[in-house]
Amino acid sequence: MVRLVLVLGDQLTLDVAALTAADKARDVVVMAEVMGEGESVPHHPQKIALILAAMRKFAVGLREQGWRVVYSKLDDPENGQTISAELLRRAAEFGAVEVIATKPGEWRVLRDLQELPVPVRVLEDDRFLWSEPEFRAWAEGRKQLRMEWFYRDMRRKTGLMMEGDQPAGGQWNFDHDNRKPAKGDLLRARPRDFAPDAVVVEVLALVEARFSHFGRLRPFRWATDRDGALEALREFVTERLPRFGEEQDAMLEGEVFLSHAVISPYLNIGLLGPMEVCLAVEDAWKAGKVPIQAAEGFIRQVIGWREYVRGIWELKGPEYLEGNALGHSRALPAVYWGAETGMACMRAAVGQTRDLAYAHHIQRLMVTGNFALLAGVDPARVHEWYLSVYVDAFEWVEAPNTIGMSQFADGGLLGSKPYVSSGAYIDRMSDHCGGCRYRVKEKVGERACPFNLLYWHFLVRHRERFRANPRMGQMYRVWDGMDEGHREAVLVGAEAVLGRLDAGKVV
Ligand code: SF4
C-alpha cells in the first residue's frame, strides 16, 4: 500500500526524517507550492522565491535518486493551494493509506496535519543536535534556561573546539574580544551574488505575478541548491570568518553584510546542516587561518543559540506565541513597512530588509526590535513582521528570538532583562547617527534622538516590574537623580514621538 511522504519547503535535506523512514519502492514523495503558505503572513518575495526554487531543484535531485515525486507548482490548475488540500488530493490519486511527515517548524502547519482525515505519522525533525526529550530533560527543574549553560553542554556533546573536557583556549566564550565597531573598508570581501539560472528566472516571474508583499524581489542574489549553499559556506570561511567575531555587532551605512556568514537561509531550509558548518569553521581555526574568538563566536551562534531557541520553541509550544508579559498593544508603526523616517538607523535597517530580506542580528535586536519594545508595540505584530520579512525566518527560530529575546514578551524566560537601549548604543556600534535628522547626544527637545526619549519612557512605565531587577536598578537611580523639569521634558518628548507614531506621521 502506498504511503505519501511529505517534504516541506524548509525540509530540503536528503536524509530528513520522513525520507529516511520511507521506502523508495512503494512510497510517493509529495511536494507542493501553495498560496496558503506563501500568504500565511506577507512573506518577503525573495523568501518565497528562494523556497520555491530550492524545492524545484530538490525534487529533481530526489527523482535522480530514484524517488517517485509528485510536485505541484503554484500555478498548476488542480493545485488545492494548501498543504492539507494537496495531501488529500494525492491520497485519493494514489489510494494512500498514510502520510509520513517530518515535524514542521510552525505550530499552525503541525495542527493542520494532525486534523487531516487520513492517518499522519509525524516524525521528530532530527536535523537538530539534541532530541526533544533530551532538551526537556535539560530544562527540567531549571528556574532560568540560560543559553550559556546549554551551550557548554553542547560543546561537550559535539566535541567542537574542545581539548579533552575543557574548552579550547581555556575559555568557553571569547566575546570580550569581539563586538567592536567597524570602519569602512573598500577591500572587505562581500558575499557573492548567485546569478539566477533558468529555474530561478521562472520562479521569479511566478512570484512577481502572484505576490505583492513588502520587499523587492530583484535583484535576487541567493543560492538555491546544495552546491550553491556549500559554495557560500566555503567563501564565508575563507574570506570573512577571520573578521566575523570582531565585526559581528557593528553596523555601517551601505555595508550590509560586513563579515557575517549570511548562510542562515540555507541552514534553515535544509541545504546545509549545523554540524557541517561548524566543522568547516573549526577546521579553519585548527589550520591557524582564523582567530579563536571568530571561530568560537560563530560556533556559539549555531550549536548554542540556534539549537537553544529550537528547544525553547519545542518546550513552550504554541502558547508561547501569545506571550505579552508587558501588556504592549501599539500597532506596528508604518516605518516598518518602509514609510519615510528621519531616523537614519531605522531607515537603514528597514531599507536593507526591503531590498535584501536580510538584516543582521544587531540590526534586528538593537534597532528595529529595540524601537518596537521601547514604543510598546504588540509583540504579536512584531513577531508577524519578523516572520514575514526575513529570508531565514521560520517560526521555530524567529518566535523565541522575537517574543523572548527581543520583546521580553515571555516575561524573562530567555533574558534576565529586556534588550533596551538609548541611542548611545547605536551611536557606539554604527555610523548612522552622523547622518540622522536627530541628535544622539540630545536628551530633550525636538531634535532629541527618539531612542533617548523612549528609553526613559519605557523604564518609567514598567517601573514596578523592573525596579528590583539587579541589572536595572542603577538606571532607576540615574532617573531619580535627574532634575524634575528634565524628567518632565523627557516624558513629554516621548509622548510626542508616540503620538506621531499613532497618527501615522513621520518620525
Ligand atoms: Fe538612530 Fe538616534 Fe542615531 Fe538617529 S540619532 S541614527 S535615531 S540612534
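Order of appearance sets the numbers: ligands from 1, and atoms from 1 within every ligand.
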Count of protein N, O or S atoms below 2.8 Å from atom 3 (Fe) of ligand 1 equals 1

Taking every heavy atom of Ile292 against every heavy atom of Ala168, the minimum-distance pair comes out as CD1-O, 3.6 Å

Problem set entry | Heavy-atom donor-acceptor pair, His360 side chain to His260 backbone, under 3.5 Å | no

Exercise. Taking the six-membered ring of Tyr390 as reference, does the NZ or CZ atom of Arg364 fall below 6.0 Å from its centre and within a 45° cone about the axis?
Worked result: yes

Subject >> Output field: ring centroids Phe128/Trp396 closer than 6.0 Å >> reply: yes

| query | Is any NZ, NE, NH1 or NH2 atom of the basic residue among Asp10 and Arg127 found under 4.0 Å from an Asp or Glu carboxylate oxygen of the other? | reply | no

Donor-acceptor pair, side chain of Asn370 and main chain of Ser421, under 3.5 angstrom = yes

